[in-house]
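Chain letters run A, B, ... following the sequence lines, proteins first and then strands; every chain starts at 1.
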Protein chains: 4
Amino acid sequence: MADSSTSSIVAAPKQERSKQTKEKIVQAAIKLFQERGYEKTTSNEIASEAGVSVGSFYVYFTDKRSLLLTIFDRLADDLYKVVFDGFNAEHLFDSELRPRIKQAIAKAIADKQRRSGLHKVIYELVLKDQEFSARHKEIMERSNSKLRELISLAHAANLTWDADVEAAAFLVQRVVFDLSQDYVTGCCEFDLGRAIEGLTNMIYRFLFKPAAISEAGSGPAK
Amino acid sequence: MADSSTSSIVAAPKQERSKQTKEKIVQAAIKLFQERGYEKTTSNEIASEAGVSVGSFYVYFTDKRSLLLTIFDRLADDLYKVVFDGFNAEHLFDSELRPRIKQAIAKAIADKQRRSGLHKVIYELVLKDQEFSARHKEIMERSNSKLRELISLAHAANLTWDADVEAAAFLVQRVVFDLSQDYVTGCCEFDLGRAIEGLTNMIYRFLFKPAAISEAGSGPAK
Amino acid sequence: MADSSTSSIVAAPKQERSKQTKEKIVQAAIKLFQERGYEKTTSNEIASEAGVSVGSFYVYFTDKRSLLLTIFDRLADDLYKVVFDGFNAEHLFDSELRPRIKQAIAKAIADKQRRSGLHKVIYELVLKDQEFSARHKEIMERSNSKLRELISLAHAANLTWDADVEAAAFLVQRVVFDLSQDYVTGCCEFDLGRAIEGLTNMIYRFLFKPAAISEAGSGPAK
Amino acid sequence: MADSSTSSIVAAPKQERSKQTKEKIVQAAIKLFQERGYEKTTSNEIASEAGVSVGSFYVYFTDKRSLLLTIFDRLADDLYKVVFDGFNAEHLFDSELRPRIKQAIAKAIADKQRRSGLHKVIYELVLKDQEFSARHKEIMERSNSKLRELISLAHAANLTWDADVEAAAFLVQRVVFDLSQDYVTGCCEFDLGRAIEGLTNMIYRFLFKPAAISEAGSGPAK
DNA sequence: GATGAATGAGGTTTCATTCAT
DNA sequence: AATGAATGAAACCTCATTCAT
């Protein structure tokens, strides 16, 4: 997943030096894509920013697109880790469930915002490029199945409302992903703290039966 | 004096022709943008598809971008009408509230899907173009304030949970908008009916206090 | 000479109304050519500034070029009059000859400066357009032959140095024309008063024998 | 250490190629500008004439204008050298002063005529382009200050009439420059030899006091 | 005569990619 | 492996001019 080898395989850098060059290119690209967007960053600029020649660029990447694909994979891996490292099955039966959920949401949004320029650029490609779109689906499916697993457990323990566990997993994932995306695009200026609090409520009430929840303890954090 | 009826026909023959030409261009652009996306559609192709010269294209639009901006406005107006024509303040106290909400969600998603190619293209621009982004904000704000108004009313009638009406309005709007967007991008293949049912539950449980709701009547429609 | 009918003849406006329309176009063109130059002024802009339609523009002028040709003729006529109305054969034997020469030079420069934008534009065309170049030659020849006539008279009266009257006329005319042109182009910032005084000396000393001149009375005007 | 001579050959193989390409473009441009003028020469034609791709054109020059600016600078340098390499301060006190002046004038005109197409094109731009106009001013100022220096020396030696050395330098320079320009534009057909002879007289008589000159030796060279 | 919508050839410029060194 | 000069297809846009009304 962390290798952009879907469309084509270029020389796998065996030497240490090669690895470094490739990394320099990736870092330069990340910087420039964030600043200017995908179309407005030229391969010459990336090479120049990386301190290598355009020729080298094309030794390591078949084209600009495959470079972004590489970056895409890394980003997705990082995000997945950030979110789910702090949220496991055991937390479901924790008395601190609600804060845990809230924290996971907050982390997802924060991590995306850190690299918002990049997420914007990638999403742009997801919208118009078949391969990006497919990769995006895979990534979504990965966290989706993780959520499905967790919600199934909760459902088995009779904590949840719905019979449709799959729909629940799908929606929860989408809702969190999309809201982070909204903050990435810069299209919304609503206070982030209140939005996270609200979203936590939305998800919490959606999933868990009122019997199981003490709303008293889940009031606004303030 | 005897022919006063003809005057209206003669009145604006030039204006009428202009309007038609402009409309031909808009329709051609909608068709091509849907099929090929923004970047891959050239002004020459639009003109040619519309059956006019490139020159005419540039008489009516300063560039491709301004044409898409025009289309964007139309689309936003249409969507707003489709969603909120079927959902007014009076429906809040209706016994049919839940089905109404579900229908509004379904309409929003369906309308977007009808023109999904277009919504994709526009969102692509929202991601990278300042003016599109600003226009997007305005449009979001419009439906947001409508929702705020409705939720305030419900809150005043003690139907809702949250004190933070603004956050609630913001989230509900985002969640619906974003999910429709997900179906537009083609990034998700989850069964639409189950997703709508789930989203209705999510919003319903998020907003309305359990006392006020009879979950019995809100089970899966099937 | 005052009609741009060299390349083609369009309808000669018989009606008063027509004349007015044509004049409006000419005035609008003068204004815009001065402000923006020839290439940067479009026929649509001229028509619009004149308050008529582009169609009308092409009724009165075959093209943009022929319009400028019309303006060219007018300008040349005006300039000729301004310069030579104040300088006749009789002035040659006047005791005030030097001041008369100085005044003629000053007038030539001043008149050109008044319409410098226009002179710039026309000269631009003279440089690249055969017909403008030919017209320019004619105009130059006109004032040249006037000067030849005057210098011949002075020569006959034994006031001048040179045997080569033709060369003298040619040079005097060029020198004055070109210096005014320099002030038109805005390429020189040298104090106009001192330049005129110097040029008067240059021409005076060039033409008239020292015996005939009392340099005492021709010192710097200061 | 044994091969230090080869290093200079290997040193800049890339740079050398670049220089050649740039030079090919410049030469092609000179040829085409002379033949067709500025506007009527397209960047594609220049590249094609130079035997390189349009892309290369834009590697070396930001646009057609900057290319002409480069040519402008070269031309100005060449002209300056041609004129002032043959005329130094020492020549002022030479018995051959008058022939030297005549020769300098002749050289200036001849050099310009050699490249008349180019001078025409450049002057066209001087008329309508701010940057060309500014560059033109600088160039004029350069030869102007050289002349001021020379005339000051002559003035100090009591050879000249005028107290206004600056005006004299300004006028002499203009008069020579402008007359050469007249021959460049092709606007005048007057016999060049007689014109040069006349201009020499004009300048000579303007600058130098009659006491210092023996007009006997300044008759037509023929 | 007047109108102004429509035309379309043709110029400018960009940039991902190649390939000789 | 690395280089970077060179490529050239292809997009954008302008504006003088026409012609149906």
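- Position along DNA chain E of the nearest nucleotide to Val54(A) versus Val54(B) favours Val54(B) as the more 5'-ward residue.
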Problem set entry | Chi angles and distances behind the side chain to side chain contact (heavy atoms under 4.5 Å, CB included) call for Thr185(B), Tyr123(A) | CA-CA 10 Å; Thr185(B) 61; Tyr123(A) 202 66; 3.7 Å; yes
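- Considering only residues two or more places apart in sequence or on other chains, Tyr60(B) meets the side chain to side chain donor-acceptor pair (under 3.5 Å) condition with Ser18(B).
- Note on Ser53(D): a side-chain N or O is less than 4.0 Å away from OP1 or OP2 of dT7(F).
- Lys64(B) forms no cation-pi arrangement with Phe57(B), by the criterion of a distance under 6.0 Å to the ring centre and an angle within 45° of the ring axis.
- Residue Leu67(D) contributes atom CG, which lies 14 Å from atom C1' of dT12(E) at whole-angstrom precision.
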Exercise. Which dot-bracket string describes DNA chain E (Watson-Crick N1-N3 plus N6-O4 or O6-N4, or G-U N1-O2 and O6-N3, all under 3.5 Å; [ ] crossing; | other strand)?
Worked result: .||||||||||||||||||||
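- Considering only side-chain N and O atoms, Tyr58(A) lies nowhere under 4.0 angstrom from the phosphate OP1 or OP2 of dA2(F).
- If you check every strand for non-hydrogen atoms under 4.0 Å, Phe61(B) touches nothing.
- With salt bridges taken as basic N to acidic carboxylate O contacts below 4.0 Å, none links Lys120(A) and Glu124(A).
- Residue Thr21(B) has a polar side-chain atom (N or O) positioned under 4.0 Å from OP1 or OP2 of dA6(E).
- Looking at Glu39(B) and Lys128(B), a side-chain N of the basic residue comes within less than 4.0 Å of a carboxylate O on the acidic one, giving a salt bridge.
- Within residues 34-49 of chain B, the residues that have a heavy atom under 4.0 Å from DNA chain F are, in order of number, Thr42(B), Ser43(B), Asn44(B).
- The closest side-chain heavy-atom distance from Phe61(A) to Lys22(A) is below 4.5 Å.
- The side chain of Ser56(C) contributes no N or O atom lying less than 4.0 Å from OP1 or OP2 of dG1(E).
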